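Below, chains carry the letters A, B, ... as their sequence lines are ordered, and counting in each starts from 1. These numbers were taken from a predicted model, which means no experiment stands behind them.
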Number of protein chains: 2
Amino acid sequence: MSTLKYSRQRESIKVCLQGRKDHPTADMLYTDVRKEFPNISLGTVYRNLSLLSELGEIKRLTTGDGPDRFDGDTSTHHHFICRKCHCVTDLTMRDISEIKNVAAENFRGTIEDYSVNFYGICENCRNHPGNV
Amino acid sequence: MSTLKYSRQRESIKVCLQGRKDHPTADMLYTDVRKEFPNISLGTVYRNLSLLSELGEIKRLTTGDGPDRFDGDTSTHHHFICRKCHCVTDLTMRDISEIKNVAAENFRGTIEDYSVNFYGICENCRNHPGNV
DNA sequence: GTTTTTGCAAAGTATTTGCAAATGG
DNA sequence: CCATTTGCAAATACTTTGCAAAAAC
């Protein structure tokens with residue numbers, strides 16, 4: 001296996017992501033990072049996002065609708081995805097990790113992880129049905 | 001809105017899907033349905049899978065790895081996805097729908113649905129580490 | 001006859017990859 | 001120096017779409 005080398009681009013991508021509370025796509029981060037590195041390429045953004053999520057320094061969110069999104073907050077939490085405006089927001093809720101044990105009870109493989117997404121209409125879309 | 005017309009192709013796609021216990025991709029179903037309709041096009045398969053899942057007659061599964069998969073069983077259940085062979089299997093587990101209420105407690109939008117996926121290593125991959 | 005669906009091909013979206021040059025250690 | 005990373009462009013993977021012909025009703 002190869003040794004990891006520091007890169008200013010990777011660092012910037014990580015800092016940009018951690019400074020945001022939305023859950024940006026690769027392309028949104030590309031726009032952001034280009035302010036600091038105008039010549040960075042989208043390929044580099046994709047490569048580093050994949051690398052960082054393999055290292056566990058960020059999280060990849062697959063919403064089931066459109067491109068993957070990324071989250072700089074790696075602590076255990078779940079997301080709400082609005083089926084109208086497609087925004088992704090953090091949910092503050094009590095621990096539900098017990099569902100992993102429930103799933104493991106009758107299963108003969110090894111369950112290592114789980115992911116939960118909640119879907120519906122966000123507060124903003126419900127209040128402004130005309131938009132988006 | 002337009003009225004739905006019967007189509008032999010759509011019927012065949014649905015029957016093929018319901019006859020399988022794996023969770024095939026559009027392309028896998030395409031291969032299958034072509035035995036009955038050698039001239040069917042992949043576009044027709046995609047169109048009908050989207051339509052059927054909008055109608056609630058089948059379910060679309062987004063695994064976060066590779067193409068979407070489809071499930072002819074629309075009853076409430078959850079899935080395990082092997083991170084090695086990427087197989088998708090049904091989990092038999094007790095009801096966890098309470099997590100929807102837990103999520104709704106501190107959230108100001110409307111939660112309509114949720115999806116849970118479990119990840120890890122399936123029994124087969126664990127027993128045959130060399131394969132795949 | 002009118003509307004919906006199909007097959008085909010082309011286009012669209014998201015992401016990955018090959019390669020020579022640049023950077024990091 | 002040698003290994004890794006970059007920028008660029010081309011390639012890939014998956015899915016959707018426009019359109020004329022066929023099928024459904």
Side-chain angles (χ1 to χ4, degrees), chain A residues 1-17 22-55 57-71 81 83 86 88, chain B residues 1-17 23-55 57-71 81 83 85-86 88:
Chain A
M1 61 201 73
S2 54
T3 6
L4 195 66
K5 268 181 187 169
Y6 170 87
S7 108
R8 293 172 294 147
Q9 287 89 336
R10 178 158 60 238
E11 188 60 24
S12 175
I13 290 165
K14 192 175 149 187
V15 169
C16 273
L17 178 57
D22 59 344
H23 300 76
T25 62
D27 204 67
M28 290 160 85
L29 280 165
Y30 173 54
T31 301
D32 211 355
V33 176
R34 250 193 313 183
K35 291 172 193 155
E36 192 180 350
F37 294 94
N39 295 317
I40 198 173
S41 76
L42 186 53
T44 297
V45 175
Y46 271 106
R47 260 189 300 238
N48 280 301
L49 287 171
S50 291
L51 177 55
L52 288 167
S53 59
E54 273 162 33
L55 295 173
E57 298 186 28
I58 65 172
K59 282 220 166 195
R60 180 192 295 267
L61 314 178
T62 300
T63 65
D65 167 280
D68 282 355
R69 291 167 173 270
F70 296 88
D71 194 340
I81 297 147
R83 67 171 166 77
H86 310 290
V88 178
Chain B
M1 61 203 74
S2 53
T3 5
L4 194 66
K5 265 179 191 172
Y6 172 85
S7 108
R8 292 170 296 144
Q9 288 89 334
R10 179 158 59 238
E11 189 59 22
S12 175
I13 290 165
K14 192 175 150 186
V15 169
C16 273
L17 178 58
H23 300 76
T25 61
D27 205 66
M28 291 159 83
L29 281 166
Y30 173 53
T31 301
D32 211 356
V33 176
R34 249 191 312 182
K35 291 171 192 155
E36 192 180 351
F37 293 94
N39 294 319
I40 198 172
S41 76
L42 186 53
T44 297
V45 175
Y46 272 106
R47 258 187 303 236
N48 280 300
L49 287 171
S50 292
L51 177 55
L52 288 168
S53 60
E54 274 161 35
L55 295 173
E57 298 185 27
I58 65 171
K59 281 220 167 193
R60 179 191 295 266
L61 314 178
T62 299
T63 65
D65 168 281
D68 282 356
R69 292 167 171 270
F70 296 88
D71 194 341
I81 297 146
R83 66 172 166 76
C85 74
H86 311 292
V88 178

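Annotation for A:I58 and A:F70: closest pair CD1-CD2, 3.9 Å, computed over non-hydrogen atoms. When all heavy atoms of B:L29 and B:C16 are compared, the closest pair comes out as CD2-CB, 4.1 Å. Considering all non-hydrogen atoms of both residues, A:T25 and A:P67 come closest at CG2-CG, 3.7 Å. A pairwise comparison of heavy atoms in A:H23 and A:R69 identifies O-NH1, 2.8 Å as the closest pair. Closest non-hydrogen pair, A:V45 versus A:A26, comes out as CG1-O, 3.7 Å.
Taking the ring centre of B:Y30 as origin, the terminal cationic atom of B:R34 falls inside the region bounded by 6.0 Å and 45° from the ring axis.
As a whole-Å value, the separation of A:L29 CG from C:dT15 P is 12 Å. Rounded to an integer number of Å, the gap from A:R34 CZ to D:dT6 C1' is 16 Å. If you take CG of B:D27 and C1' of D:dT15, they are 11 Å apart, rounded to a whole angstrom. Between A:E54 atom CD and D:dT5 atom C1' there is a gap of 15 Å when expressed in whole angstrom units. When rounded to the nearest whole Å, the span between CD of A:E11 and P of C:dG24 equals 12 Å. Atoms OH (A:Y46) and P (C:dT13) sit 12 Å apart, rounded to a whole Å. Distance, B:I13 CD1 to D:dT15 P: 14 Å, rounded to whole Å.
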Exercise for the section: Could you run through nucleotides 5-11 of chain C and give me one letter per nucleotide, 5' to 3': B if any protein heavy atom sits under 4.0 Å from the base, S if only the sugar-phosphate is that close, - if neither? Expected result: SBBB---

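Helix-axis bend for the helix from C:dG1-D:dC25 to C:dG25-D:dC1: the local axis fitted to the five terminal pairs at one end deviates from that at the other end by 30°, rounded to 10°.
Between the side chains of B:T44 and B:R10, no donor N or O sits under 3.5 Å from an acceptor N or O. Of the N and O atoms on the side chains of A:R60 and A:S50, at least one donor lies less than 3.5 Å from an acceptor on the other residue.
Two residues are said to be in side-chain contact when any heavy atoms from C-beta on lie closer than 4.5 Å; A:L49 and A:I13 meet this criterion. Under the 4.5 Å side-chain criterion, counting only non-hydrogen atoms from C-beta, B:H86 is not in contact with B:T63. In this structure the side chain of A:P24 reaches within 4.5 angstrom of the side chain of A:L17, judged on heavy atoms.
Residues from residues 63-71 of chain A with heavy atoms under 4.0 angstrom of DNA chain C, sorted by number: A:P67, A:D68.
Within the 4.0 angstrom heavy-atom criterion, no nucleotide atom of any strand lies near B:T25.
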